[in-house]
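What follows is a short report on a single structure.
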Amino acid sequence: MIKIIDNINELENIIPDLESMPLLAIDTETTGLDPYRSKVLLFQIGDLEKQFIIDCRKVSIEPLRKILESDKPKVLQNAKFDYKMVKHSFKIEIENMIDTMLIEQVLMAGKSDGQFGLDDLAEKYLNTRIDKSERKSFIDHSGDFTESQLEYAQNDLIYVLRILESQVKALVKENLQETAKLECMAINAFGDIEYNGMLLDKNKWSEILEEEFMKKKEAEKILDSIFKPISELDLFGGSVNINYDSDEQLKDALEKIGIKVNDTSKATISHIDPKIGQAILDYREHQKVVSAYGKGFLEHIHPDTGRIHPTFRQLGASSGRTSCADPNLQNIKADSRFRSCFIAPSGRKLVIADYSGCELRIIAELSNDEVFLETFRTGGDLHSIVASSIFKKNVSKTENPELRQKAKAINFGLAYGMGAQGLAASLEIPEKEAEELLEHYFNSYPKVKKYLDESANIALKRGYSVTIGGRKRYYEIKDRNDQKEIASIIRQAKNAPIQGTSADMTKLALIWIRKAIKEKNIDAKLVNTVHDEIVLECDENVAEESAQIMRDCMIKAGEYYLHKLPIEVEYAISDCWQK
DNA sequence: ATCTGTGGCGCG
DNA sequence: AAAGCGCGCCACAGAT
């Protein structure tokens with residue numbers, strides 16, 4: 001018979017036991033997944049020898065506050081979930097968490113057979129099959145718990161502890177302890193961001209959507225007039241029955257008016273008859289916005305908070321970047337009309353801070369290219385300098401800006417392993433010309449080329465790439481003779497250390513920003529992050545101070561990884577998500 | 001009716 | 001399968 005703690009005396013009695021344990025496992029059973037609406041039913045805590053189950057319907061875990069907020073390490077599976085639940089229900093922020101799910105993602109980055117559920121990990125590391133069906137039994141549960149429910153709750157603690165033991169050995173073997181530590185320390189920041197959410201000006205958003213809907217209709221009318229001659233009209237005469245969202249139907253329709261295309265991508269469509277092409281692209285643009293930001297998007301506004309609480313996958317990308325969903329706040333149109341709808345409540349401000357030229361600085365650091373390094377050291381404009389040297393003309397943001405734009409495309413394309421064909425397409429120049437440009441580029445910056453090539457070679461040899469912070473991204477090479485596969489991995493491998501180091505930096509900055517605002521007890525909270533950007537919401541009276549904290553933390557985090565050049569952070573204090 | 005894969009496109 | 005890296009979302013189309 002498993003004992004359940006349901007009064008404050010018993011709870012206080014276990015504290016000495018917990019204090020003597022060097023590592024605690026924690027788990028919760030809740031009525032659902034929404035921290036604002038679901039209740040914590042059970043809170044389990046303990047080590048391999050002793051586990052305690054607390055009935056949170058009968059007793060608050062307040063007496064455990066000191067232990068939970070302390071530096072004592074606590075291991076959980078999918079820690080961010082329990083963190084948010086406990087944060088909301090008990091106003092306690094669990095600190096120094098270790099997450100077996102995140103560690104597994106660190107160990108498996110890039111591998112296709114990664115499985116991250118507790119049941120998967122138990123099978124992999126403990127050779128144990130666990131029945132997760134019991135978990136569902138807690139949804140909307142009331143009354144006494146069954147023996148099997150309690151057993152399930154107790155066992156989870158033992159599983160995570162034993163899984164962690166095995167994982168730590170793997171981390172040491174792969175030299176991934178630092179990355180695992182970074183990820184685990186960042187859990188709280190991502191938990192906070194999700195919990196805090198962002199406020200959206202719903203009325204303004206809806207107005208823009210309405211405008212977009214009208215523009216879509218207008219574009220549709222123009223398309224109808226173009227395709228009317230070849231269209232079968234519907235029975236009641238009038239509307240053209242082509243679905244412009246269907247690439248097949250669009251291709252057929254174009255063929256009937258004498259335009260043959262292999263695909264309907266923007267690149268292809270922009271080269272057909274400009275009047276028709278423009279009409280299609282206009283339609284697409286507005287259709288995209290209406291569908292992406294319409295009803296489905298607004299349904300993400302939480303009924304209790306009135307805010308949008310997305311879900312971050314802290315290791316959503318094999319590079320080490322985070323991804324974001326439901327909704328994705330990392331791909332909101334940069335067009336200020338949309339971002340400016342994300343606002344600070346009255347009396348508050350948003351501080352938006354981002355790393356300037358983050359990835360190019362990382363390339364400079366890793367390649368040791370003197371021009372790149374010197375440009376960043378002296379605060380010059382790398383795109384202009386690159387443009388001047390490969391086009392042999394004076395270029396700045398004002399002089400020959402179109403050449404600067406081209407150089408920018410080259411600079412970024414390069415970091416992704418772009419070839420002449422891709423460059424030709426993106427600059428709309430003949431392939432021959434693109435080849436020459438690339439040659440000029442690499443002649444001017446031989447160390448950049450050398451670095452990128454070496455980066456790819458090492459990855460192919462070892463089977464993984466490494467960031468400056470030691471994060472690994474693995475490659476599964478199926479057939480070393482498959483040129484296409486190898487070429488693809490080469491491009492991934494050129495990019496991985498760059499993108500991954502940038503992710504390392506931003507995550508470290510998030511950790512330090514959260515720590516700083518907490519220690520200084522400033523009325524500020526993290527609300528979003530977009531790869532090289534961090535957004536914070538704060539009381540207007542501490543906006544300037546918060547901005548300085550963000551800037552300092554971001555620069556320090558950058559300098560933690562990059563030693564050969566300065567880090568620059570730009571920030572804005574605003575009423576909305578706009579610089 | 002629900003699923004999975006694909007094309008297209010939004011962001012960094 | 002892959003001629004530019006990393007994501008998520010929508011609509012479509014074909015399958016179940």
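Proteins come first, then strands; the chains are lettered A, B, ... in the order of their sequence lines, and each starts at number 1.
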Separation of atom CD in A:E570 from atom P in B:dG12, rounded to whole Å
13 Å
A:R551, CZ: over 12 other non-hydrogen atoms inside 6.0 angstrom
no
Heavy atoms under 4.0 Å, any strand shown: does A:T264 hit a base, just sugar-phosphate, or nothing?
sugar-phosphate
Over-ring placement of A:K449 relative to A:F442, 6.0 Å and 45° cut-offs
yes
Have a look at A:A317 and say if it touches a base, only the backbone sugar-phosphate, or nothing, with a 4.0 Å heavy-atom cut-off.
sugar-phosphate
Please confirm whether the ring centroid of A:H531 lies under 6.0 Å from the ring centroid of A:Y355.
no
Would you check if A:K333 and A:R339 make a side-chain contact, meaning some heavy-atom pair closer than 4.5 Å?
no
Do you see a donor-acceptor pair shorter than 3.5 Å between the side chains of A:D381 and A:S384?
yes
Between A:Y441 and A:Y445, ring centroids under 6.0 Å:
yes
Distance, C1' atom - from C:dA1 to B:dG5, rounded to whole angstrom:
13 Å
How would you label the contact of A:I332 with the nucleic acid (heavy atoms, under 4.0 Å): base, sugar-phosphate, or nothing?
sugar-phosphate
What's A:K266 touching, base or sugar-phosphate or nothing? Going by heavy atoms closer than 4.0 Å.
sugar-phosphate
Check the orientation of A:F342 and A:W205. Use parallel for under 30°, tilted for 30 to 60°, and perpendicular for over 60°.
perpendicular
Quick check on DNA chain C: between A:Q249 and A:F297, whose nearest nucleotide comes earlier from the 5' end?
A:F297
4.5 Å side-chain heavy-atom contact, A:T264 and A:I280:
no
Contact span of DNA chain C against chain A, any nucleotide atom under 4.0 Å from a heavy atom, 5' to 3', runs C:dA1 to C:dA13
Would you indicate what A:S426 reaches in the nucleic acid, counting non-hydrogen atoms under 4.0 angstrom: base, sugar-phosphate, or nothing?
base
Watson-Crick or G-U counterpart of B:dC3, or none if no pair lies under 3.5 Å:
C:dG14
Just one of A:K84, A:K80, A:R514 clears the salt bridge (charged side-chain N to carboxylate O under 4.0 Å, His left out) bar with A:D192, so which one?
A:R514
Distance between P atoms of C:dG4 and C:dG8 (Å, rounded):
22 Å
Contact list please: residues 462-481 of chain A against DNA chain C, heavy atoms, distance less than 4.0 Å, in numerical order.
A:R473, A:K478
Identify whether any heavy atom of A:R321 sits under 4.0 Å from a base atom; if not, whether one sits that close to sugar-phosphate; answer base, sugar-phosphate or nothing.
base
Which is true for A:D354 with a 4.0 Å heavy-atom rule: it touches a base, it touches only sugar-phosphate, or it touches nothing?
nothing
Quick one: do the A:D326 and A:T311 side chains pair a donor with an acceptor below 3.5 Å?
no
Using 30° and 60° as the class boundaries, would you call the ring planes of A:F190 and A:F312 parallel, tilted or perpendicular?
tilted
What's the gap between B:dG7 and C:dA3 when it is taken at their P atoms, as a whole Å value?
11 Å
Indicate, with a heavy-atom threshold strictly under 4.0 Å, whether A:G413 touches base, sugar-phosphate, or nothing.
base
Nearest whole Å is fine: how far is B:dG12 C1' from A:K408 NZ?
11 Å
Decide yes or no for A:S340 and A:K204: does some side-chain heavy atom of the first lie under 4.5 Å from some side-chain heavy atom of the second?
yes
What nucleic acid atoms does A:Q492 come within less than 4.0 Å of, heavy atoms only: base, sugar-phosphate, or nothing?
sugar-phosphate
A:Y244 OH - B:dG8 C1' separation (whole Å):
18 Å
Sub-4.5 Å side-chain heavy-atom contact between A:V527 and A:W577:
no
Under 4.0 Å between any heavy atoms, over every strand shown, what does A:C358 touch: base, sugar-phosphate, or nothing? Just pick one.
nothing
Nucleic acid contacts of residues 279-291 of chain A, taken as heavy-atom distances under 4.0 Å to DNA chain C:
A:Q287, A:K288, A:S291
